[in-house]
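In each ligand, atom 1 is the first atom listed, and ligand 1 is the first ligand listed. Note that the structure is predicted; figures quoted are calculated from it, not measured. Below, all heavy atoms of this structure are taken into account, side chains as well, without hydrogens, waters or symmetry copies.
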Amino acid sequence: MEKVSQSQILKYCLKQKIPFAIYKLPRAVDAVLIISETVQKIGVEELFMAGEDIYVMAPFSLLEQKVLCLKCDFVIEAEVDMSVFEQIKKIKSHKEEVQEPSFCTDYAAYKNQFQKMLTEIQNGRISKAILSRIKHLDGINAEGADDFFYELCQSYPKAYTYMAYTPQSGLWTGASPELLFKAVEGVGTVVALAGTKKKQGERIAWGDKERDEQQMVSDFVLGVLNKYGIRNAVVKGPDTVVAGKILHLKTQFGFGTEQITDRLGSFVSDLHPTPAVCGLPKQESMKVIAEVELHKRTFYAGFLGRIRPNQIRLYVNIRSMKFTNGGVDLYLGGGITSGSDVNNEWRETELKAQTLSSVIKKVKGMRKLVNKDADNAIE
Ligand SMILES: C=C(O[C@H]1C=CC=C(C(=O)O)[C@@H]1O)C(=O)O
């Protein structure tokens, strides 16, 4: 029987606007394509109760938006028989419900927002917050999105690479270096990832600022584990990890999941968003972010991944972008603490932008125009 490849089906889903998610786990060889006839909006508590095979896309703020849940109606790992493709062709198209206009944070606006956040840190309201910005790139041909995804997988073999479309979220893609929570056969893993440096040579000298920033995330994770009675976690790190041209500090926590099996929903909502993407204390920094940032984060710094009865793998949606009308919005964030400098932070977001923009450049015909980089100049 005639076979149809995963890439052909991905192309079809993109063109026809069929809800899908394609992902490749870190160090895995192949990507997995999931196709869903419908997308449901559910609360985080319900995520782990379904006992089904689902792919979820959660927003940054679980108070503002529900989690999008794709049932794994079709799971395509390599190729399928033509008869399966014929069934997929029967799935209805779902246009993007609300196409938000693109957004771009220029340096002046970023500087202003940075000052506001720093003031909140200096006056003691919060001790850390992540300031994010959007960098808009114009003239992107979304028809190359499938090639982009496979190129992304090649470029970042150690990242969690994904692309997902739902009518509620639109088309998102990213290469995340950050695990939120994994539970496989009774073993749970959580990481604390923070601190950023450009990879240059062999010598790595982490400063106090980065170490403190990462320690705050580790302490927060330990606090959540403690709350759930997990006191014997195996701690590894902090170690330097490589994410493309970027280095981070990472601590890994391993533990048995027996204490949380019936409380996974509340465990994940206590963990998310960690101070790697939100701040400390959690609720107050969430408020500061909402007051200071002019864009809605929607799914940036949310989490995504597949949930199966005995396997949960959720990653933080960073180094990600959304396709907008004729362009892309890159979402870029960095941790602000009392020791932060605005120009260094801006440069850090520019470095993070290269994670995806360098791949756009590699995909033939994806970039129609060259973006004027005027909005990226530091004063
Ligand atoms: C929030 C982001 O990165 C986080 C993860 C690693 C290092 C980070 C930092 O150094 O600020 C951030 O906490 C992002 O890339 O948008």
To the nearest 0.1 Å, how far is [atom] from its closest protein heavy atom, and which atom is that?
atom                    : value
atom 11 (O) of ligand 1 : Gly335 N, 2.7 Å
atom 8 (C) of ligand 1  : Lys352 NZ, 3.5 Å
atom 4 (C) of ligand 1  : Ala276 O, 3.4 Å

For [X], take its heavy atoms, then give the atoms of ligand 1 lying under 4.0 Å from any of them.
X      : value
Gly195 : 7 (C), 9 (C), 10 (O)
Arg319 : 3 (O), 5 (C), 6 (C), 14 (C), 15 (O)
Thr196 : 7 (C), 8 (C), 9 (C), 10 (O)
Glu348 : 9 (C), 10 (O), 11 (O)
Glu213 : 9 (C), 10 (O), 11 (O)
Gly334 : 11 (O)

Of the non-hydrogen atoms in Gly333 and Lys352, which two are nearest, and what is the gap between them?
->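 What the structure gives for the nearest pair is O-NZ, 2.7 Å.
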Is there any N or O on [X] that sits under 3.5 Å from an N or O of ligand 1?
X      : result
Ile318 : no
Glu178 : no
Tyr300 : yes
Gly333 : yes

Distance-only, no hydrogens or angles: does the [X] side chain make a donor-acceptor pair with backbone N or O of [Y] under 3.5 Å?
X      : Y      : value
Asp81  : Val84  : no
Thr166 : Ser169 : yes
Asp73  : Glu37  : yes

Quick check: are there more than 12 heavy atoms from other residues, nucleotides or ligands sitting under 6.0 Å from NZ of Lys71?
->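 Incorrect, the count does not exceed 12.
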List for me each residue that meets side chain to side chain donor-acceptor pair (under 3.5 Å) alongside Ser176, sequence neighbours excluded, and say none if there are none.
->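 Ser176: no side chain to side chain donor-acceptor pair (under 3.5 Å) contacts found.
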Do Asp329 and Tyr300 get their side chains close enough for a donor-acceptor pair, meaning under 3.5 Å?
->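 Their side chains do not contain a donor-acceptor pair, so the 3.5 Å distance test is not met.
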Please lay out, stage by stage, how Phe48 and Phe267 fare under the test ring-ring contact (aromatic ring centres under 6.0 Å, His included).
-> CA-CA 11 Å; Phe48 305 95; Phe267 178 76; 9.2 Å; no
Among Glu213, Met117, Glu120, find the residue that satisfies the side chain to side chain contact (heavy atoms under 4.5 Å, CB included) test when tested with Ile336.
->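 Passing option: Met117.
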